[in-house]
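Okay, structure first, notes after.
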Amino acid sequence: MKRLLQISLDTLLISVLPIITWLLLGFIVNKDISNVFSLTYPLQFFYLLFVNIFAIGANITAKKIKDNSVVYSNIFIGTIIVGIITIFLVLNIDFYINLMNMKKNIYHNFCMYSVIWMYFSFVIQLFTQKLYYEDNNNEANKINLLTNLSNFFLIIILSMLLENDIISIVITLSIDFIVLLYLFFKYYKKTKFHFAFKNNIKYTSFGILGNIGMFLTYVIGFVNSFSYGSKYLNAINFEGLTTDTQWDVLTSVDTAAKIDFADKNFNFKSSIKDAYKLLALLIATILIMNITLYWYFKPNLLLLLILLLIQIIDMLVHPLISIRMSYLQINTDTKKHNIFYGISRIGRIMCSFIPSVFCTHIGQLFTMIYLYIYSKIECKNVKLLK
């Protein structure tokens with residue numbers, strides 16, 4: 001449980017601070033600015049795709065072949081490749097804002113800030129994932145505290161003191177960049193080049209397919225759902241604000257399972273017990289946040305209850321699915337599993353086209369049921385998971 005909480009602390013910072021940031025910026029700058037959370041929400045899955053390839057996959061590969069040069073090579077290449085993609089996104093930010101049916105004159109500056117900070121967060125995870133797999137969780141916690149809290153206080157304080165959004169953003173991101181340079185000087189080691197791209201993909205193919213699927217699901221689904229009007233937008237946005245962090249924290253179950261499977265040190269009873277202890281805390285925070293923040297957002301109560309019910313049901317099943325799929329990813333031939341896992345993601349994407357405000361949540365239920373049944377069948381004879 002202690003390790004889950006340590007990993008969860010990092011995920012919590014990465015997830016909850018942006019939510020608080022956009023809420024506060026909505027008070028300080030303009031109420032509409034808080035909608036940047038929903039505007040850039042799909043892009044988090046885009047960057048997580050690269051975290052799987054260049055961070056998680058590289059570390060699992062390094063464990064398997066006992067060669068740390070894979071980790072350092074992927075830190076270097078990942079920083080460059082994702083950096084180039086981020087520059088392209090920033091230069092075409094107005095196109096993205098228009099695609100999401102929002103106004104570029106309101107969201108242009110802070111949408112750019114959000115995208116660049118997501119890239120910086122990606123680079124930070126290149127180093128923290130390395131530390132996780134070296135069983136140096138305390139150091140990873142320190143890095144996340146330093147980087148995320150400094151960014152949070154900078155953008156909030158500067159936005160309060162300065163009237164010019166651009167100046168506040170430039171100063172914040174410039175200092176963030178200096179912090180990243182510090183991380184490279186302290187933790188990066190120049191070694192022989194060993195990219196191991198094929199193995200990186202092999203050990204994280206589920207995560208890669210999942211994040212591609214989630215990116216497409218929410219781009220398509222949000223454009224669809226938001227077209228139904230502000231009543232539905234407010235309910236969806238509020239539900240996202242009060243459950244997104246908990247979902248991010250819950251991924252620590254998957255991270256811990258992958259580490260244990262890679263180290264051949266997995267205990268099912270202990271892992272599942274810790275997972276549900278963590279889940280109990282997360283569901284409690286969801287209820288508390290909804291009760292305390294409802295008065296401010298005032299979303300449609302019936303819509304909100306339906307959305308929350310779907311989220312909590314999915315969360316209750318998630319630890320079992322996550323652990324089983326992690327086992328299949330690390331310990332079996334993933335070719336067949338990739339096909340069936342891909343079907344679950346394609347199904348979820350297709351649900352995003354359903355002419356309903358609940359299209360993304362219908363897709364969520366489909367994926368949950370599908371993967372629960374599939375993982376149970378594939379792992380029914382695995383003694384390690386009894």
In terms of heavy-atom contacts, Thr217 and Thr360 come closest through O-CG2, 4.0 Å
Are Leu328 and Val317 in one and the same hydrophobic cluster, where Ile, Leu, Val, Met, Phe, Trp and Tyr link if side-chain heavy atoms are under 4.5 Å apart? yes
Say whether Ile291 and Trp295 are linked into one hydrophobic cluster, either directly or through other cluster members, by side-chain heavy-atom distances under 4.5 angstrom. no
TODO: Would you tell me whether Thr86 and Tyr47 have side-chain atoms, one donor and one acceptor, within less than 3.5 Å of each other?
DONE: yes
Rounding to 0.5 Å, atoms CD (Glu378) and CE (Met325) come to a distance of 8.5 Å
### Task
Decide side-chain contact (heavy atoms from CB on, under 4.5 Å) for Lys376 and Lys380; before the verdict, give the C-alpha distance in whole Å, the side-chain angles of both, and the deciding distance to 0.1 Å.
CA-CA 6 Å; Lys376 186 175 180 62; Lys380 65 180 179 180; 5.7 Å; no
**Message:** Check for me, please, whether Phe193 and Ile65 land in the same ILVMFWY cluster - side-chain distances under 4.5 Å, paths through other members count.
**Reply:** no
Taking C-beta and beyond as the side chain, do Phe184 and Thr79 meet within less than 4.5 Å on heavy atoms? yes
task = Please confirm whether the backbone N or O of Leu17 pairs with a side-chain atom of Thr21, one donor and one acceptor, at under 3.5 Å?
result = yes
Residues 180-190 vs salt bridge (charged side-chain N to carboxylate O under 4.0 Å, His left out), sequence neighbours excluded, gives Glu139-Lys186
If you apply the rule side-chain contact (heavy atoms from CB on, under 4.5 Å), what do you find for Gln246 with Gln311, and how did you get there?
CA-CA 10 Å; Gln246 288 81 355; Gln311 295 290 356; over 6 Å; no
Distance col, row Lys142:NZ vs Thr128:OG1, nearest 0.5 angstrom, shows 15.0 Å
Applying side chain to side chain contact (heavy atoms under 4.5 Å, CB included) to Ile272 and not counting sequence neighbours gives Phe268, Tyr276, Pro319, Leu320, Ile323
Notebook entry, point to check: Just wondering, do Met315 and Leu279 contact through their side chains at under 4.5 Å, heavy atoms?
Noted result: yes
Exercise. Does the side chain of Leu303 come within less than 4.5 Å of Phe358's, by heavy atoms?
Worked result: yes
For residues Ile85 and Phe46, determine if any side-chain heavy atom of one lies less than 4.5 Å from a side-chain heavy atom of the other.
yes
Q) What do the steps show when you test Tyr370 against Arg348 for side-chain contact (heavy atoms from CB on, under 4.5 Å), and what is the final call? A) CA-CA 10 Å; Tyr370 177 96; Arg348 186 162 184 172; over 6 Å; no
Please examine the side chains of Trp117 and Asn148, heavy atoms only from C-beta on, and report whether any two atoms are closer than 4.5 Å. yes
Only residue of Ile56, Asn68, Val71 satisfying side chain to side chain contact (heavy atoms under 4.5 Å, CB included) with Tyr133 is Ile56
Is there a path of hydrophobic side-chain contacts, each under 4.5 Å between heavy atoms of I, L, V, M, F, W or Y residues, that connects Ile116 with Phe95? no
Which pairs of donor and acceptor atoms, one on a side chain in residues 155-181, lie under 3.5 Å apart (sequence neighbours left out)?
residue	atom	partner	partner atom	Å
Ser159	OG	Ile155	O	2.6
Asn164	OD1	Ile166	N	2.9
Asn164	OD1	Ile167	N	3.2
Ser168	OG	Leu158	O	3.2
Ser168	OG	Asn164	O	3.3
Thr172	OG1	Ser168	O	2.8
Ser174	OG	Val170	O	2.6

Hits for side chain to side chain contact (heavy atoms under 4.5 Å, CB included) against Asn92, two or more places apart or cross-chain, chain-then-number order -> Phe88
Between Phe366 and Ser344, the two heavy atoms sitting closest are CE2-O, 3.6 Å
Please evaluate residues Leu371 and Tyr341 with respect to the criterion side-chain contact (heavy atoms from CB on, under 4.5 Å), reporting the C-alpha separation (whole Å), side-chain torsions for both, the decisive distance (0.1 Å), and the verdict.
CA-CA 8 Å; Leu371 288 179; Tyr341 187 82; 3.7 Å; yes
Taken in chain and number order and not counting sequence neighbours, the residues that satisfy side chain to side chain donor-acceptor pair (under 3.5 Å) with Tyr96 are none
d(Asn224 CG, Phe353 CZ) to nearest 0.5 Å is 9.0 Å
For Pro299 and Phe238, the nearest pair of non-hydrogen atoms, with its separation, is CG-CD2, 3.7 Å
Between the CG atom in Asn105 and the NE2 atom in His108, the distance rounded to the nearest 0.5 Å is 10.5 Å
Flag the pair Phe54 / Gln125 as yes when at least one side-chain heavy-atom distance between them is below 4.5 Å, and no otherwise.
no
Minimal heavy-atom distance between Arg345 and Leu209, with the atoms involved, is CG-O, 3.7 Å
The side chain to side chain donor-acceptor pair (under 3.5 Å) partners of His194 (sequence neighbours excluded) come to Asp67
In this structure, CZ of Phe50 is separated from CD1 of Ile53 (nearest 0.5 Å) by 6.0 Å
Of all heavy-atom pairs linking Met112 and Ile93, the shortest is CG-CG2, 3.8 Å
(Q) With a 6.0 Å cut-off (strictly less than), is the heavy-atom count around CZ of Phe76, excluding the residue itself, greater than 12? (A) no
Scanning both residues in full, the closest heavy-atom pair of Phe222 with Ile236 reads CE1-CG2, 4.1 Å
Review point. Without hydrogens or angle criteria, can the side chains of Asp314 and Gln364 be said to hold a donor-acceptor pair below 3.5 Å?
Key: yes
Is it true that Phe122 and Leu145 fall in one hydrophobic cluster, defined by side-chain heavy atoms closer than 4.5 Å? yes
- Task: Validate the cation-pi geometry between Arg324 and Tyr374: distance from NZ or CZ to the six-membered ring centre under 6.0 Å, angle to the ring axis within 45°.
- Result: no
| message | Does any part of the side chain of Thr147, heavy atoms only, come nearer than 4.5 Å to the side chain of Phe120, both counted from C-beta? | response | no
**Asked** Taking side chain as C-beta onward, heavy atoms only, is Met118 less than 4.5 Å from Leu43?
**Response** yes
If we ignore angles and hydrogens, is there a donor and acceptor under 3.5 Å between the side chains of Tyr113 and Asn151?
yes
Result for side-chain hydrogen bond (donor to acceptor under 3.5 Å, both in side chains) between Thr242 and one of Thr285, Asn290, Thr292 points to Asn290
Value for OG (Ser121) from CG (Leu48), rounded to nearest 0.5 Å, stands at 10.0 Å
